[in-house]
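First up is the structure itself, then whatever we jot down about it.
Only this structure's heavy atoms are used, side chains among them; waters, hydrogens and symmetry mates stay out. Residue numbers start at 1 and run along the sequence shown.
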Amino acid sequence: MMKKKERKENGQNSGYWKGGNILILLRHLETNEPSDFKNYLRMENHLFHQLLNLVRPHIEKQNTVMRESISAEERLVATLRFLATGRSYEDLKFSSAISAQALGKIIPETCWAIYKVLRNEYLQVSQHLILNFYANIHQYVNKKI
């Protein structure tokens, strides 16, 4: 039976899955199979990179002495796969190499960041709906008092 140190020296358990795999796949699809890239993330590669540049400041984390952080690109890919497939965190952990617990934190954070950066340009609500909403809240609160 190999000891932990020997396995690392032999390349086993050397962190190949730690993020590198999904990004290698993405690079391959981007350069060789653009239609598969679009199918995988449900967006063109230039749109993915635009979105990544917009959300990066909101989702990028610092590396620490104890561990390397999950990159903004990995976070966005995991989130887009979740949104595109509806797969559970337990299922996504195998293709993303990110624990289900971490995905449970990463995906909501990334969705919130996407909302923040796109809301003004793409998620505009009419003034009429907003006024209606506040009028209904006002009526509800007045009934309670």
Counting C-beta onward and ignoring hydrogens, is there a side-chain heavy-atom pair between [X] and [Y] closer than 4.5 Å?
{"X": "Ile107", "Y": "Leu92", "result": "yes"}
{"X": "Val55", "Y": "Leu118", "result": "no"}
{"X": "Asn45", "Y": "Pro34", "result": "no"}
{"X": "Arg75", "Y": "Glu109", "result": "yes"}
{"X": "Ile22", "Y": "Tyr40", "result": "yes"}
{"X": "Phe48", "Y": "Leu76", "result": "yes"}
{"X": "Leu41", "Y": "Leu26", "result": "yes"}
{"X": "Ser96", "Y": "Leu103", "result": "yes"}

Over all atoms of both residues, closest heavy-atom pair of [X] and [Y]:
{"X": "Ile98", "Y": "Ala102", "answer": "CG2-CB, 3.6 Å"}
{"X": "Ile59", "Y": "Ala72", "answer": "CD1-O, 3.5 Å"}
{"X": "Pro108", "Y": "Tyr89", "answer": "CD-OH, 4.0 Å"}

Roughly how far, to the nearest 0.5 Å, is [atom2] of [Y] from [atom1] of [X]?
{"X": "Ile70", "Y": "Ser99", "atom1": "CD1", "atom2": "OG", "answer": "6.5 Å"}
{"X": "Arg56", "Y": "Leu51", "atom1": "CZ", "atom2": "CG", "answer": "11.0 Å"}
{"X": "Glu60", "Y": "Gln62", "atom1": "CD", "atom2": "CD", "answer": "7.5 Å"}
{"X": "Asn120", "Y": "Tyr115", "atom1": "CG", "atom2": "OH", "answer": "8.5 Å"}
{"X": "Asp36", "Y": "His28", "atom1": "CG", "atom2": "NE2", "answer": "8.0 Å"}

Criterion salt bridge (Lys or Arg N to Asp or Glu O under 4.0 Å) on Lys61 and Glu68, from CA distance to verdict: CA-CA 9 Å; Lys61 306 294 181 192; Glu68 199 172 309; over 6 Å; no
Check ion pair Glu30-Lys38 (N to O, under 4.0 angstrom): no
Lys116, NZ atom: more than 12 neighbouring heavy atoms under 6.0 Å: yes
Stepwise side-chain contact (heavy atoms from CB on, under 4.5 Å) test for Ser88 and Lys93: CA-CA 9 Å; Ser88 69; Lys93 75 180 180 184; over 6 Å; no
Check against side-chain contact (heavy atoms from CB on, under 4.5 Å), Leu25 and Ser95: CA-CA 11 Å; Leu25 171 65; Ser95 61; over 6 Å; no
Could you tell me whether the side chain of [X] and the main chain of [Y] form a donor-acceptor pair under 3.5 Å?
{"X": "Thr64", "Y": "Met66", "result": "yes"}
{"X": "Asn63", "Y": "Ser69", "result": "yes"}
{"X": "Arg42", "Y": "Asn39", "result": "yes"}
{"X": "Asp91", "Y": "Arg87", "result": "no"}

